[in-house]
S.K.: 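The structure follows.
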Amino acid sequence: KEVESSTRRLDSTRRRLNFLPAVPYPTSTLQGVPSATSSVTMNESDDSPKYVKLISATGTEVYCERSIAISASATMAAMLTSSMREAEENVVRLPDISGPILEKVVQYMYYKHEHSNSTGRLPEFKIEPEIALELLVASNYLNC
C-alpha cells in the first residue's frame, strides 16, 4: 500500500515536472505588483522601465520590479543587465515554468527583498507541499 502511494506521488511529480498545470489557473495580482493590464511606469532617474514582464509557459504575465528581479535572481540579472533580447524588450519568457509557480517565485522575490536586512525572526514563507518540487526546480533555474 505504501509503495502504491509512493508510485502515485512519483507519477504525479513526473507529470508536474513538465511545468504545465493539468487545469487552467486564474491569474492573480500580487500585492504591490501591477496586474498584466496595468501600465508599466519608467524609473524617474533614467529611461529604464521600473517593471519587467515575466511570461510563464501557460501565458500568465506577472510584473515584477526590475530592481527586485535583478537582485533576487542571478539568472534574471544576467538576462536584464546584458545585451540580451530580454534586456532590450524588458520581457522575460520562462517556457518551463507554469503560471502559479512563477507567481510564487515572484512572491518569494518580494519576501526576500522585504526581509533581506532583518535581524529578528523572519515570518514564515508558506509553500504548499504539492508545489514544493516544481518551486525548487524553478528557483534552482532562476538561481534565487
S.K.: Answer yes or no: is there a side-chain heavy-atom contact under 4.5 Å between L54 and V91?
M.R.: no
S.K.: Rounded at 0.5 Å granularity, tell me how far CG in N90 sits from CZ in R85.
M.R.: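 One finds 13.0 Å between CG of N90 and CZ of R85.
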S.K.: CD/E103 to OG1/T60 distance, rounded to the nearest 0.5 angstrom?
M.R.: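 Going from CD on E103 over to OG1 on T60, the span is 6.0 Å.
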S.K.: What are the two closest heavy atoms between Y63 and V106, and how far apart are they?
M.R.: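 Heavy atoms of Y63 and V106 come nearest at O-CG1, 4.5 Å.
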S.K.: If I take atom CG from residue D96 and atom CG from residue L102, how far apart are they, to the nearest 0.5 angstrom?
M.R.: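 Between atom CG of D96 and atom CG of L102 there are 12.0 Å.
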S.K.: Would a distance-only check, ignoring hydrogens and angles, find a side-chain to backbone donor-acceptor pair under 3.5 Å from S73 to L142?
M.R.: yes
S.K.: Rounded to the nearest 0.5 Å, what separates atom SG in C64 from atom NE2 in H113?
M.R.: 10.0 Å
S.K.: May I ask you to decide if S98's main-chain N or O and T58's side chain share a donor-acceptor pair within less than 3.5 Å?
M.R.: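 Side chain of T58 to backbone of S98, a donor-acceptor pair under 3.5 Å: no, none is there.
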S.K.: Output the distance between atom NE2 (H115) and atom OH (Y110), rounded to the nearest 0.5 Å.
M.R.: 14.0 Å
S.K.: Would you call K50 and E65 a side-chain contact if the rule is heavy atoms closer than 4.5 Å?
M.R.: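 In contact.
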S.K.: Just by distance, do the side chain of R93 and the backbone of A57 share a donor-acceptor pair under 3.5 Å?
M.R.: no
S.K.: Does a side-chain heavy-atom distance below 4.5 Å link L135 with V105?
M.R.: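 Answer yes - side chains close enough.
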S.K.: Looking only at non-hydrogen atoms, find the nearest pair between K112 and A72 and report the distance.
M.R.: NZ-O, 3.5 Å
S.K.: Check whether any side-chain heavy atom of Y108 sits under 4.5 Å from a side-chain heavy atom of I127, and report yes or no.
M.R.: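 Y108 does not reach I127 side chain to side chain.
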S.K.: Side chains of I97 and Y141: closer than 4.5 Å at any heavy-atom pair?
M.R.: yes
S.K.: Any side-chain to backbone donor/acceptor pair from S71 onto S67? Under 3.5 Å, distance only.
M.R.: yes
S.K.: Consider only side-chain heavy atoms of I, L, V, M, F, W and Y, link residues closer than 4.5 Å, and tell whether I70 and M76 are in one cluster.
M.R.: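 Yes; tracing contacts between hydrophobic side chains, which count when under 4.5 Å, links both residues.
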S.K.: Please report the shortest heavy-atom distance between R66 and L80, naming the atom on each side.
M.R.: NH2-O, 2.7 Å
S.K.: Of all heavy-atom pairs between A78 and M84, which one has the smallest distance, and what is that distance?
M.R.: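 Result for this residue pair: O-SD, 3.8 Å.
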S.K.: Do K104 and F125 form a cation-pi contact, if we require the NZ or CZ to be under 6.0 Å from the six-membered ring centre and within 45 degrees of the ring's axis?
M.R.: yes
S.K.: Which atoms form the tightest heavy-atom contact between M109 and A69, and what is the distance?
M.R.: SD-CA, 4.2 Å
S.K.: With a 4.5 Å heavy-atom cut-off, do K53 and V92 have their side chains touching?
M.R.: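 Side chain of K53 against side chain of V92, heavy atoms only: no contact under 4.5 Å found.
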S.K.: With a 4.5 Å cut-off on side-chain heavy atoms, are S56 and L94 touching?
M.R.: no
S.K.: Looking only at non-hydrogen atoms, find the nearest pair between S82 and M79 and report the distance.
M.R.: OG-O, 3.6 Å
S.K.: I'd like to know if the side chain of S118 and the backbone of L122 have a donor-acceptor N/O pair within less than 3.5 Å.
M.R.: no
